[in-house]
Amino acid sequence: MNLWWTEQQTPGLRLGLKCAAVLEQRRSAYQEVAVYATDTYGRMLALDDMVMTTEADEFVYHEMLAHPALTLCADPRRVLVVGGGDGGTVREVCRHAAVRRVVLAELDPEVTAVCRRHLAGLTSALDDPRVENVPGDGAAYLAGAGAGSFDVVLVDAPDPIGPAEGLFGAEFYAAAREALAPGGILVTQSESPFLHGDLIRRVQVAMRATFPAVALYWAVVPTYPGAMWTFSIARKPPFGDPWLAQRPAAPAGDFRYWSPQVQRAAFVLPPFVGALTEADS
Ligand code: SPD
């Protein structure tokens with residue numbers, strides 16, 4: 001079989017992956033949801049022909065989206081995951097014994113259904129009794145969540161186009177601040193500094209308009225456009241100084257990318273990335 005799957009990442013850049021099989025491909029109410037068996041990165045979830053995650057590198061993204069916020073938050077009992085229907089972020093959140101409730105607000109239930117069939121390593125925690133599935137618009141859910149109802153909000157969004165666009169704007173961050181408890185933390189994936197510098201700047205500016213403490217950190221996700229991937233983090237007061245100081249109690253278990261040391265290093269930005277966080281950039 002000579003099947004090549006291609007993502008047009010920018011007008012001038014494509015990612016091509018040789019695939020052994022198309023495991024499932026269906027049109028949901030929102031998008032085309034597909035899982036391929038790739039030769040190089042294992043099984044891959046794609047939405048509208050964009051890589052969402054692969055078996056080979058999903059641990060980087062999901063560990064780094066979840067653990068910095070959960071280790072920095074003093075008491076991360078209540079966690080909201082916006083998007084993240086593949087379950088990878090929920091799996092990482094559930095590794096924290098302090099967590100009592102995880103709400104998964106994924107717009108498209110087909111994403112979860114398809115991943116349950118083909119990517120069981122991602123969906124393994126979705127039946128954890130602490131997890132509550134609330135299918136629908138995560139932004140609307142957050143807006144109605146009630147003041148102080150979450151300790152951590154994690155935005156596991158697709159690229160900021162179409163329905164996901166609203167998850168990267170000032171209105172959404174204002175709703176997140178309202179829904180967070182005092183000292184609460186918001187993290188959103190914020191794309192690649194090589195290809196999406198304008199988006200990173202916009203996210204940082206919009207977060208700073210709402211939160212007094214905002215930072216950027218990064219990790220390497222080989223199948224994402226540009227490979228160097230960023231996460232934007234914001235915290236609601238009160239918090240200690242320095243607000244990014246690691247809590248001593250790390251979650252138990254084995255991690256493949258995250259560690260307390262990697263977390264500290266992830267906040268050290270190469271100058272061209274740091275420039276994207278500066279107010280007048
Ligand atoms: N261009 C890829 C951006 C994907 C970010 N979200 C991925 C979801 C994985 N849980």
Side-chain angles (χ1 to χ4, degrees), residues 5-11 13-17 28 30-36 38 41-67 69 79-94 102 104-116 118-126 131 133 138 153-168 187-197 199-200 203 217-232 256-258:
W5 177 88
T6 302
E7 174 180 350
Q8 187 81 44
Q9 296 189 329
T10 72
L13 180 67
R14 286 181 183 161
L15 169 72
L17 292 173
S28 75
Y30 301 97
Q31 57 206 340
E32 188 196 82
V33 183
V35 176
Y36 300 86
T38 75
Y41 290 122
R43 292 185 176 194
M44 171 183 71
L45 169 69
L47 299 180
D48 283 341
D49 282 328
M50 288 177 280
V51 179
M52 285 302 114
T53 203
T54 78
E55 285 179 317
D57 63 2
E58 61 86 7
F59 66 95
V60 179
Y61 175 85
H62 294 121
E63 290 182 14
M64 290 301 281
L65 181 63
H67 301 311
V79 180
L80 171 63
V81 177
V82 176
D86 56 60
T89 300
V90 167
R91 180 195 67 204
E92 294 305 315
V93 170
C94 286
V102 190
L104 174 62
E106 161 65 51
L107 181 64
D108 188 349
E110 282 295 336
V111 172
T112 305
V114 166
C115 289
R116 278 186 185 274
H118 302 287
L119 288 159
L122 288 166
T123 59
S124 55
L126 289 180
V131 178
N133 202 2
V153 173
L154 302 173
V155 185
D156 186 2
D159 299 311
I161 40 177
E165 213 174 331
L167 304 178
F168 292 84
V187 176
T188 184
Q189 74 90 355
S190 48
E191 310 265 315
S192 167
F194 282 103
L195 301 172
H196 314 108
L199 184 271
I200 295 172
V203 166
Y217 64 93
W218 65 280
V220 174
V221 187
T223 55
Y224 286 178
M228 183 186 200
W229 207 249
T230 66
F231 303 85
S232 291
R256 295 179 68 201
Y257 190 95
W258 180 89

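What you see below is based on every heavy atom in this structure, not just the backbone, and it leaves out hydrogens, waters and symmetry mates. Just so you know, ligand 1 is whichever comes first in the structure, and atom 1 is the first atom listed for that ligand.
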Please tabulate, line by line, the atom pairs linking an N/O of ligand 1 to a protein N/O at a distance below 3.5 Å, with the distance in Å to 0.1, or answer 'none'.
from	atom 1	to	atom 2	distance (Å)
ligand 1	1 (N)	Asp159	OD1	2.8
ligand 1	1 (N)	Asp159	OD2	3.0
ligand 1	6 (N)	Tyr61	OH	3.2
ligand 1	6 (N)	Ala157	O	3.0
ligand 1	10 (N)	His62	NE2	2.7
ligand 1	10 (N)	Asp86	OD1	3.3
ligand 1	10 (N)	Asp86	OD2	2.5
ligand 1	10 (N)	Asp156	OD1	3.2
ligand 1	10 (N)	Asp156	OD2	2.9

I'd like to know whether Leu154 forms a side-chain contact (heavy atoms from CB on, under 4.5 Å) with Val93, so could you lay out the CA-CA distance, the side-chain angles of the two residues, the decisive distance to 0.1 Å, and finally the verdict. CA-CA 10 Å; Leu154 302 173; Val93 170; 3.6 Å; yes
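Not counting sequence neighbours, the partners of Phe194 by the ring pair (Phe, Tyr, Trp, His ring centres under 6.0 Å) test are Phe272.
Within the structure, side-chain hydrogen bond (donor to acceptor under 3.5 Å, both in side chains) contacts touching residues 156-167 (residues at least two apart or in different chains) are Tyr61-Asp156, Thr89-Asp156.
Ser232 and Thr188 share no side-chain donor-acceptor pair at under 3.5 Å.
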Cut-off 3.5 Å, no hydrogens considered: what does the side-chain donor-acceptor table look like for residues 50-58, sequence neighbours left out?
from	atom 1	to	atom 2	distance (Å)
Thr54	OG1	Ala56	N	3.3
Thr54	OG1	Asp57	N	3.3
Thr54	OG1	Asp57	OD1	2.7
Glu55	OE1	Arg43	N	2.8
Asp57	OD1	Thr223	OG1	3.4
Asp57	OD2	Thr223	N	3.0
Asp57	OD2	Thr223	OG1	2.7
Glu58	OE1	His62	ND1	2.9
Glu58	OE1	Arg91	NH1	3.4
Glu58	OE1	Arg91	NH2	2.8
Glu58	OE2	Arg91	NH1	2.9
Glu58	OE2	Arg91	NH2	3.3

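Separation of atoms CG (Leu104) and OG1 (Thr112) is listed at 6.0 Å; rounding is to 0.5 Å.
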